[in-house]
Amino acid sequence: MKTLARELKAILGQAGVIDDPTRLVPYESDGLALYATRPELVLLPRDTDQAARAMAVLARHGTPVVARGAGTGLAGGATPVENGVLISTARMRDILEVDPEDRFARVQAGVVNTQLSEVCRGHGLMYAPDPSSQMACTIGGNVANNSGGPHCFKYGATSRHVLGLVLVTHAGEVIDLSGPWVDPQGLDLVGLFVGSEGTFGLATEVTVKLVPRPPVVEVLLAIFTELEAACDAVSEIIAARLQPSALEILDRLTIEAVEQSVFAAGYPKEAEAVLLIELEGVETEVSGSQQEISAILNKHGVLSTRSARDASERRDLWAGRKGAFGAMGRIAPDLYVADAVVPRTKLRALVRRTVEICRERNLKLANVFHAGDGNLHPNICYDRRDPDEVRRVLEAGRLILETCVEAGGSLTGEHGVGLEKREEMEIAFAPEDLETMCRVRDAWDPDRRMNPGKLLPMRACMELRTPSPRA
Amino acid sequence: MADLANRDGLVDYAKSLDCIHCGLCLQSCPTYRITGLEPSSPRGRIHLMRAVAEDRAQATASFVEEMEFCLLCRHCESACPAGVRFGEMMEHTRSRISTHRGLGARLARWFGFRVLLPNRRGLKLAAFLLRLAQKGGVLRLLSKLGGRFENLRYLPPVPTGSERRPLPRKNPGRAPERGNVALLEGCVMPELFGKVNRDTCSVLNVMGYGCALPARTVCCGSLHAHNGDLDGARNLARLMIEDFEALGYLPVVVNSAGCGAHMKELHHLFEPDDPWHARSRAFAGRVQDLTEFCAENLDSANLGPVDEKDWPAPVTWDDPCHLCHAQGIRAEPRTLLSAIPALQAVDLPDSEHCCGSAGIYSLLRPQASGEILRTKLEALESSGARTLVTANPGCQLQWQSGLLRRGSEVRVAHLAEILASSLAAD
Ligand SMILES: Cc1cc2nc3c(=O)[nH]c(=O)nc-3n(C[C@H](O)[C@H](O)[C@H](O)COP(=O)(O)OP(=O)(O)OC[C@H]3O[C@@H](n4cnc5c(N)ncnc54)[C@H](O)[C@@H]3O)c2cc1C
Ligand code: SF4
Ligand code: SF4
């Protein structure tokens with residue numbers, strides 16, 4: 001490692017290579033602190049060129065590499081690997097270009113999601129995907145995890161907004177796919193890369209699509225005395241072909257936690273569930289759907305509905321929703337966020353089942369989820385210092401996933417597979433499918449040095465006998 | 001310094017468990033923003049503390065460095081949905097670290113915290129010498145040494161002796177119609193910002209209040225608490241509480257956000273079963289920042305236009321960290337400014353970000369402090385403001401020296417100065 005560090009310092013400068021053992025400690029985990037592995041080194045390149053040259057050195061040494069954005073991932077995707085180094089994009093945070101006429105922006109991978117939104121605001125544009133972690137997470141991390149957010153119900157997840165990429169391969173080659181192409185030419189490598197969780201290579205620059213800000217926005221807060229009724233209302237709004245821009249549910253425990261936090265939004269504490277609905281468009285469009293939605297809410301026994309008075313109340317209501325995960329820190333030291341997608345017609349039954357699964361295991365559960373997308377986030381409180389509780393949490397997590405997949409849903413809504421759900425991939429995919437995925441992976445990274453052990457189950461890739469193209 | 005472990009109670013472990021590792025605080029942190037380093041972020045610092053407490057890491061020199069690199073601006077607390085009490089954790093850890101320092105550092109700290117700060121005569125002498133050094137060009141010479149000394153050249157000039165005269169102990173001016181309030185004069189304030197104190201008094205007088213000053217209190221002890229001298233902070237807290245109680249249980253008005261934040265939280269210094277805990281809580285209940293007090297009690301009908309010569313428009317408000325993050329005061333100063341007739345005010349982008357002053361931080365770490373200030377200066381430029389208003393002496397000094405260095409004409413005012421100017425208009 002000493003010679004490796006020396007070579008890397010020659011490229012990245014003293015400050016661009018962290019090798020002090022104490023300073024490496026905080027890099028051992030991402031947002032899922034259940035897993036921890038210390039990296040040998042942390043590298044902080046400033047641009048594509050530095051990243052490429054560093055990667056070439058790492059290739060020569062055969063060192064495994066894990067990319068890290070802000071480390072807000074909830075599946076252990078950015079957890080370092082044994083004897084590996086971490087490449088942090090935290091110093092690649094320049095906005096390279098904003099083109100309001102052609103409605104795209106080109107940014108370095110470490111640019112923070114809200115930073116991009118801020119820059120676009122002045123042009124009447126926005127970058128639509130808005131993960132709840134947007135004040136911290138990076139565009140590179142969003143690309144790698146194909147992240148979603150409340151507004152992705154209307155606008156689609158990150159993959160729908162990436163127009164181009166600059167990539168550095170495992171060997172240190174630069175692939176410039178920076179576009180912006182609305183329709184990719186030839187094989188859509190950009191599309192393939194989005195969601196690859198750092199196993200294909202390092203994204204250093206991202207070209208994203210910008211969309212116009214809607215002229216009118218209305219946020220409704222619907223209060224329910226029953227969580228299941230709120231679920232039913234959502235199912236019916238979807239079935240009625242209405243298209244709000246966001247549909248989010250928070251249950252009682254979540255509301256309590258949020259209301260105690262700095263993000264207290266004025267959610268009523270006596271509610272069993274609140275449904276947050278955002279409508280946008282032109283005036284008539286918004287008021288039209290508001291009426292239809294109100295009728296549906298009433299039918300499902302809504303206790304009351306009110307709309308946010310002004311922009312600042314809208315902001316507060318959203319801040320409360322987005323602070324929900326963190327606010328749970330008041331309830332327990334750790335939080336396990338399951339992330340599964342279910343058919344939206346089955347919300348009620350599946351939410352009920354998750355409640356049962358946790359109750360049977362004596363676990364504290366809070367539900368807050370992107371209801372519009374059928375993306376459940378059962379949040380299970382625990383303390384990582386209690387091994388038995390950790391075991392029960394993981395068991396519950398697995399059962400919830402199995403239940404959702406059985407019901408026709410999918411393994412991950414937006415947080416990715418990472419380390420956490422790697423083995424569960426076998427629930428959702430047949431061995432042949434996994435094998436195909438490993439082949440695609442090998443095409444990008446034949447030595448399997450990029451984020452090894454993530455995303456694809458170990459076994460599937462180990463057993464794969466395809467000779468690597470280099471061999 | 002040898003590595004430490006948590007057997008000496010280095011870390012407030014229970015509080016560290018509140019952190020859920022979500023990372024939402026990262027971008028709020030000035031040291032993370034300038035370095036991009038996880039160990040220099042709130043989450044990283046808490047992670048390190050917890051690792052030390054769990055014996056998974058040693059408190060090495062780099063651990064100590066990361067703890068001291070923090071500005072204790074507490075912006076992370078405003079961002080943290082889990083309610084992590086970062087300030088308290090950091091004060092705790094720093095106080096334990098400081099018992100392990102080398103002799104030289106201990107001596108310097110002893111002199112600064114125990115001899116100089118609590119002693120009016122010492123402070124006066126220091127201000128006098130500093131002024132002499134500025135006048136005689138000694139500082140300019142020193143600044144040629146570069147490094148830590150370079151900044152000395154941009155220290156705003158120490159005011160003249162008459163500017164530095166203390167407030168009269170007996171309340172001047174007309175008889176108070178609405179009674180007295182107790183005022184904290186502060187340690188450095190009278191030496192560097194005597195005018196702000198006098199303006200504060202005159203604002204309160206016009207509002208109908210007399211100002212009562214405690215007999216012995218010089219420094220409130222916030223600098224001590226932030227820099228690891230909790231014992232020193234406790235001594236000063238006891239003295240101050242007694243001193244203010246002796247004035248009768250008056251509202252305590254503070255015009256320095258850093259002091260006010262500390263005075264509202266004195267009870268953190270004492271264990272719950274210590275009688276001083278309850279006493280400091282009661283004291284804290286009477287403390288109000290000047291902006292709070294004025295927003296509540298000032299009749300805006302008395303406000304006239306401010307003097308454009310002194311304070312050219314547009315003006316902008318910069319939130320001192322210890323006002324917005326530590327005391328949660330954001331609306332009051334804005335309300336006051338907007339009540340002033342014909343005052344053109346503009347928003348300062350990222351006004352809640354730290355300016356890098358942080359008590360004595362700007363003296364101890366001029367480079368980091370300057371880098372943090374740089375983005376603030378750019379924000380100020382983009383706002384087009386010609387007067388920047390704040391409510392904390394440290395911030396005022398930091399802005400002044402940054403603007404001086406840039407050769408900028410923008411003026412820096414304490415809100416008390418603006419209010420005084422507005423109330424003086426006829
Ligand atoms: C409070 C909270 C709320 C959240 N809410 C949402 C939400 O609403 N929707 C959602 O989808 N997610 C959410 N998440 C999860 C997480 O924020 C997202 O997955 C986010 O995209 C991760 O970004 P990051 O920069 O933190 O990446 P990291 O966590 O650092 O990394 C994530 C993955 O991306 C890889 N990676 C990072 N940068 C690069 C790069 N430049 N090139 C290649 N690979 C890279 C890493 O190796 C890792 O596998 C939330 C997390 C938290 C803590
Ligand atoms: S107090 Fe300020 S400098 Fe210290 S960790 Fe928090 S945000 Fe960063
Ligand atoms: S926001 Fe709070 S809970 Fe989240 S990482 Fe920062 S300190 Fe920890």
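In what follows, chains carry the letters A, B, and so on, assigned in the order in which the sequence lines appear, proteins first and then strands, with residues in each chain numbered from 1.
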* **Contact class of L26(B) relative to chain A, heavy atoms under 4.5 angstrom** => side chain

* Asked: Given a strict heavy-atom distance threshold of 4.5 Å, which part of C80(B) is in contact with chain A: side chain, backbone, both, or neither?
  -> backbone

* **When Q27(B), E66(B), R50(B), E65(B) are compared by non-hydrogen pairs under 4.5 Å with chain A, the top option** => R50(B)

* Structure fact -> Most contact-rich option vs chain B, by heavy-atom pairs under 4.5 angstrom, among Q260(A), M135(A), E118(A), K322(A), is M135(A)

* side chain to side chain contact (heavy atoms under 4.5 Å, CB included) assessment of C22(B) paired with T72(A) -> CA-CA 6 Å; C22(B) 65; T72(A) 67; over 6 Å; no

* To do: Tell me, for R23(A) versus chain B, whether the close heavy atoms (under 4.5 Å) come from the side chain, the backbone, both or neither.
  => both

* Asked: Which atoms of L335(A) come close to chain B, meaning under 4.5 Å heavy atom to heavy atom: side chain ones, backbone ones, both, or neither?
  -> both

* To do: Heavy-atom distances under 4.5 Å only: say whether S16(B) touches chain A with side chain, backbone, both or neither.
  => neither

* To do: Please look at T89(A) and chain B and tell me whether the side chain, the backbone, both or neither of the residue comes under 4.5 angstrom of a heavy atom of that chain.
  => neither

* Structure fact -> Output for pair (L34(A) CG, H21(B) NE2), nearest 0.5 Å, gives 12.0 Å

* Asked: Given V52(B) and V25(A), is the side chain to side chain contact (heavy atoms under 4.5 Å, CB included) satisfied, shown in steps?
  -> CA-CA 10 Å; V52(B) 165; V25(A) 173; over 6 Å; no

* Report yes or no: does R93(A) contribute a side-chain atom to a donor-acceptor pair with the main-chain N or O of R33(B) at less than 3.5 Å? => yes

* Tell me, for A264(A) versus chain B, whether the close heavy atoms (under 4.5 Å) come from the side chain, the backbone, both or neither. => neither

* Asked: From E38(B) CD over to S88(A) OG, what is the distance, rounded to the nearest 0.5 angstrom?
  -> 8.5 Å

* Asked: Can you tell me how far CD1 of I331(A) sits from CG of D18(B), rounded to the nearest 0.5 angstrom?
  -> 12.0 Å

* **More than 12 heavy atoms from other groups under 6.0 Å of CG on D386(A)** => yes

* **Nearest atoms (heavy-atom pairs only) where A82(B) meets G326(A)** => CB-O, 3.1 Å

* **Residue pair P26(A) / L48(B): nearest heavy atoms and the distance that separates them** => CG-CG, 3.7 Å

* For the student: nearest non-hydrogen atoms of A90(A) and G36(B), plus distance -> CB-O, 3.2 Å

* Heavy-atom count around K364(A) NZ within 6.0 Å, excluding the residue itself: above 12? -> no

* **Residue F325(A) versus chain B: region with a heavy atom under 4.5 Å** => both

* To do: Evaluate whether atom CZ of R85(B) has more than 12 neighbouring non-hydrogen atoms of other residues, nucleotides or ligands under 6.0 angstrom away.
  => no

* To do: Would you mind telling me which of G328(B), G44(B), A51(B) has the largest number of heavy-atom pairs within less than 4.5 Å of chain A?
  => G44(B)

* Asked: So which part of I18(A) gets closer than 4.5 Å to some heavy atom of chain B, the side chain, the backbone, both or neither?
  -> side chain

* **More than 12 heavy atoms of other groups within 6.0 Å of Q367(B) CD** => no

* **chain B interface, residue from Q134(A), Q115(A), R385(A) that has the most non-hydrogen pairs under 4.5 Å** => R385(A)

* Asked: Checking side chain to side chain contact (heavy atoms under 4.5 Å, CB included) for the pair D20(A)/F63(B): CA distance, chi angles, key distance, verdict?
  -> CA-CA 10 Å; D20(A) 173 88; F63(B) 172 87; over 6 Å; no

* For the pair L37(B) and R91(A), evaluate side chain to side chain contact (heavy atoms under 4.5 Å, CB included) and give the outcome as yes or no after the intermediate values. => CA-CA 9 Å; L37(B) 293 179; R91(A) 286 189 186 159; 3.9 Å; yes

